[in-house]
Amino acid sequence: MDTTTHASPPAPGGPLSLHGLSVDGVNQCVHCGLCLAYCPTFSELGTEMDSPRGRIFMIKSLAEGRMTLSDSTVRHLSLCLDCRACETVCPAGVPYGRLIEAAKAEIERDRPGALGRRLFRWLNFGLLLGHPRLLGLAASGARLYQASGLQRLVRKSGLVRLLPGTLPAWEALLPPVPAKSERTGPPPVTPAEGPRRARVAVLTGCVQSVIFAAHNRATARVLAKNGGEVIVPDGQGCCGALNAHGGDHARALAMARRTIDAFEVARVDAVVVNTSGCGAHMKAYGHLLADDRAYAERARRFAATVRDLAEFLAQEPLRGPLVPVPLTCTYHDPCHVAHGQKIKSEPRRLLAQIPGLRVVELTESDWCCGSAGIYNLTEPEMATRLLHRKVGHVLATGAEAVVTANPGCILQIQAGLGAHESGVRVMHLVEILDRAYGGPGGAR
Ligand code: SF4
Ligand code: SF4
């Protein structure tokens, strides 16, 4: 049975919003349909309501009070990946990412779900992502589960299928958790090698800091090789991107404020980010905190300093000497680098400078792999369809490695390639760069 709700009817001619979150950008849509061919869910399902134009129509109708938040509306909006491929091609400049985040927050407000679901979201979005120490403890628990052989037993016995809700999907995607000794971040300060180019701070992140701490250490090394004096600000945690994409708006705001507090004291020229969703989200802090008197100006200033790792490095030629990396690779564009930050040529320009490395282009390189924050956990069926499509294109290249720049994409594509027993590696861009500087990639 459909339960219904909608935001308060707007004042005639006034700006459109869903419970205070602006969706006024819906009025920019001229219904041309140019975005449809670039939308992964429209491509898979072929239905207007699973296209950007259809979703914009629903969001506008909700904000105007002409449509109710029915089960079917929730379904079509929830299936959106928030990949923002539609934003890239839209000639009218519709800020689609903001619209869908407001819509997802509206869904969570109206449909928080049963107690179990609410507890699970609080555990993840509130407790773990909000408290790095607790996240570390959870990582140690997951490590024990894997290293003790319990995971193998649970999977082999089929017990995993008895878990409720989306837990089987979470279990299936649980990556190998490194030992605690491998989960250390870069030192608080790494001096620049050669002439100093800039003082930069790095975001070590939440999931990134426990699963891919090695990438953070490699990031500091590569930045230092390129003249960066690298600072790791104390007191940083999750930037709030996962919360924002998951409709958890209030906590996303709190995390943004905490991130700004932590980084401001470092007084750096740039804040460098090696995870795509975090970089795109932090660049939007100015918009996110625009109504916060204490933070609006600080958020705008902070956002202007945020740089994706490739964006920062590609401003100048890589400093040598570089050693050959004899490998054929292909590059997968994470959505929130390609569409969220409009960065496409920079990673390719960096790869082209590495001796011995052969780069082959990937068909649909900027199509979502299905990871999309926690989408592969909440919408496993569509995520799997998109993953199969991505893996098919990767295997067709004949590459030995896929290079990308986001932990979610790495885990998702690794899972897909693993199912094919293909032997193709998935690497972060910084691993390749680190290797070219004689380092072990992310493995140290
Ligand atoms: S964000 Fe991605 S999935 Fe959502 S409507 Fe746009 S192109 Fe489609
Ligand atoms: S391309 Fe832009 S203006 Fe055209 S339908 Fe899509 S969102 Fe609307």
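Throughout, residue positions are numbered sequentially from 1 according to the sequence presented. Atoms within a ligand are numbered from 1 in the order they appear, just like the ligands themselves.
- Annotation for ligand 2: atoms under 4.0 Å from non-hydrogen atoms of Ile56 are 7 (S).
- A donor-acceptor contact closer than 3.5 angstrom links the side chains of Glu171 and Tyr145.
- Ligand 2 places these atoms under 4.0 Å from at least one heavy atom of Gly33: 4 (Fe), 5 (S).
- No hydrogens or angles considered: nothing links the side chains of Arg389 and Thr363 as a donor-acceptor pair under 3.5 Å.
- In Arg55, the part holding a heavy atom less than 4.0 Å from any atom of ligand 1 is the side chain.
- Near Cys90, meaning under 4.0 Å from any of its heavy atoms, are these atoms of ligand 2: 1 (S), 2 (Fe), 3 (S), 7 (S).
- Here the two rings, on His19 and His249, have centers that are 6.0 Å apart or farther.
- With hydrogens left out, the protein atom closest to atom 3 (S) of ligand 2 is Val30 N, 3.3 Å, a heavy atom.
- Within the 2.8 Å limit, Cys83 places at least one N, O or S atom next to atom 2 (Fe) of ligand 1.
- Under a cut-off of 6.0 angstrom, the local environment of CD in Glu381 is sparse, with at most 12 non-hydrogen atoms contributed by other residues, nucleotides or ligands.
- With hydrogens and angles left out, the side-chain atoms of Thr88 and His339 include a donor and acceptor closer than 3.5 Å.
- With Tyr295 as the aromatic partner, Arg298 meets the cation-pi criteria of under 6.0 angstrom to the ring centre and within 45 degrees of the ring axis.
- Only backbone heavy atoms of Asp82 (N, CA, C or O) come within less than 4.0 Å of ligand 1; its side chain stays farther off.
- Which parts of ligand 2 touch Pro91 is read off a 4.0 Å heavy-atom cut-off, strictly below it: atoms 1 (S).
- Contacts with ligand 1 closer than 4.0 Å are made by side-chain heavy atoms of Tyr96 only, the backbone lying farther away.
- Residue contact annotation: Ser51 has no non-hydrogen atom under 4.0 Å from ligand 2.
- With a 6.0 Å cutoff to the six-membered ring centre and a 45° limit on the axis angle, Arg55 does not count as a cation-pi contact of Tyr96.
- Ligand 2 has no atom lying under 4.0 Å from any heavy atom of Pro52.
- At least one N, O or S atom of Cys86 sits under 2.8 Å from atom 6 (Fe) of ligand 1.
- The 12-atom threshold is exceeded at CZ of Phe120, counting heavy atoms of other residues, nucleotides or ligands nearer than 6.0 Å.
- Among protein heavy atoms, the minimum distance from atom 4 (Fe) of ligand 2 is reached at Cys32 SG, 2.3 Å.
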